[in-house]
Amino acid sequence: MFELKPHTYASKREHYDDLVSQARGLLAGERDLVANAANFSALIYHSLPDINWAGFYLYDGNELVVGPFQGKPACIRIAIGRGVCGTAAQTRETQLVADVNAFDGHIACDAASQSEIVVPLVRADGRLLGVWDVDSPHTNRFDEDDRAGMQALCAVFMESVGD
């Protein structure tokens with residue numbers, strides 16, 4: 001049984017280190033993409049403060065399609081290069097957006113979202129799996145510690161799904 005318990009952390013980095021450890025344990029031994037994406041989304045959504053959406057957009061060979069997530073219903077399809085998610089998929093670089101209203105071409109799936117971080121998910125052979133997307137109802141919610149932490153979490157996720 002997996003149990004999420006409230007913790008107090010000395011720093012955001014310590015919190016992410018703990019989440020990486022929890023993610024490793026949660027995903028250990030399971031290779032199913034949907035099962036791992038669902039549990040990963042739930043872990044992050046219920047562990048980080050001040051977020052209102054956490055989930056996956058998976059690349060179907062043409063565009064990003066919503067995958068397992070936690071939060072309100074989301075946009076279903078996003079073109080590569082469009083919005084924060086499509087930009088992360090196209091550039092293969094993490095997008096950290098302090099104020100989504102200032103991001104040219106932002107797609108407002110939930111009007112409450114004010115900041116966003118999106119990590120591209122790229123397989124070892126360079127193929128795009130999709131993106132990991134986390135939104136907050138607060139501007140400036142995400143910083144460089146979040147970038148490093150989310151990238152570390154996504155590395156654990158990618159190890160779990162294999163090729």
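What you see is a predicted model; the values in this text were computed from it and never measured.
- Counting non-hydrogen atoms of neighbouring residues, nucleotides and ligands closer than 6.0 angstrom, the CZ atom of R13 reaches no more than 12 such neighbours.
- Summarising the geometry of Q90 relative to G81, their closest heavy-atom pair is OE1-CA, 3.5 Å, with the distance given to 0.1 Å.
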query: Given the rule in the salt bridge (Lys or Arg N to Asp or Glu O under 4.0 Å) test, do D125 and R123 qualify, once you have shown the distances and angles that lead to the verdict?
result: CA-CA 5 Å; D125 65 4; R123 295 181 185 271; 5.8 Å; no
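- Of all heavy-atom pairs between A79 and E63, the closest is CA-CB, 4.4 Å.
- Counting heavy atoms from C-beta outward, V100 and D135 have side chains that stay 4.5 Å or more apart.
- Tested against F56 for a side chain to side chain contact (heavy atoms under 4.5 Å, CB included), the candidates N36, D133, V131, L121 yield a single pass: L121.
- Smallest separation of non-hydrogen atoms from V20 and V156: CG1-CG2, 3.8 Å.
- Taking CD of E30 as the reference point, atom CG of N39 lies at 8.5 Å (rounded to 0.5 Å).
- Rounding to the nearest 0.5 angstrom, the gap separating the OH atom in Y57 from the CD1 atom in I80 is 12.5 Å.
- Between P137 and Q114, the closest heavy-atom pair is O-CG, 3.4 Å.
- Shown here is R147, whose CZ atom has more than 12 heavy atoms of other residues, nucleotides or ligands within 6.0 Å.
- The distance from atom CG of N101 to atom OG1 of T139, rounded to the nearest 0.5 Å, is 9.0 Å.
- The line from CG of L64 to CD1 of I76 is 13.5 Å long, rounded to the nearest 0.5 Å.
- Here OH of Y59 is found 14.0 Å from CD1 of I78. Values are rounded to the nearest 0.5 Å.
- Here L129 contributes atom CG and C154 contributes atom SG; the two are 10.0 Å apart, rounded to the nearest 0.5 Å.
- With no hydrogens or angles considered, a side-chain donor-acceptor pair links S113 and N52 at under 3.5 Å.
- A salt bridge is defined here as a Lys NZ or Arg NE, NH1 or NH2 lying under 4.0 Å from an Asp or Glu carboxylate O, and R24 with E159 meets this definition.
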- request: Assess whether side-chain contact (heavy atoms from CB on, under 4.5 Å) is satisfied between L153 and W132, documenting all intermediate values.
  value: CA-CA 10 Å; L153 283 164; W132 167 246; 5.9 Å; no
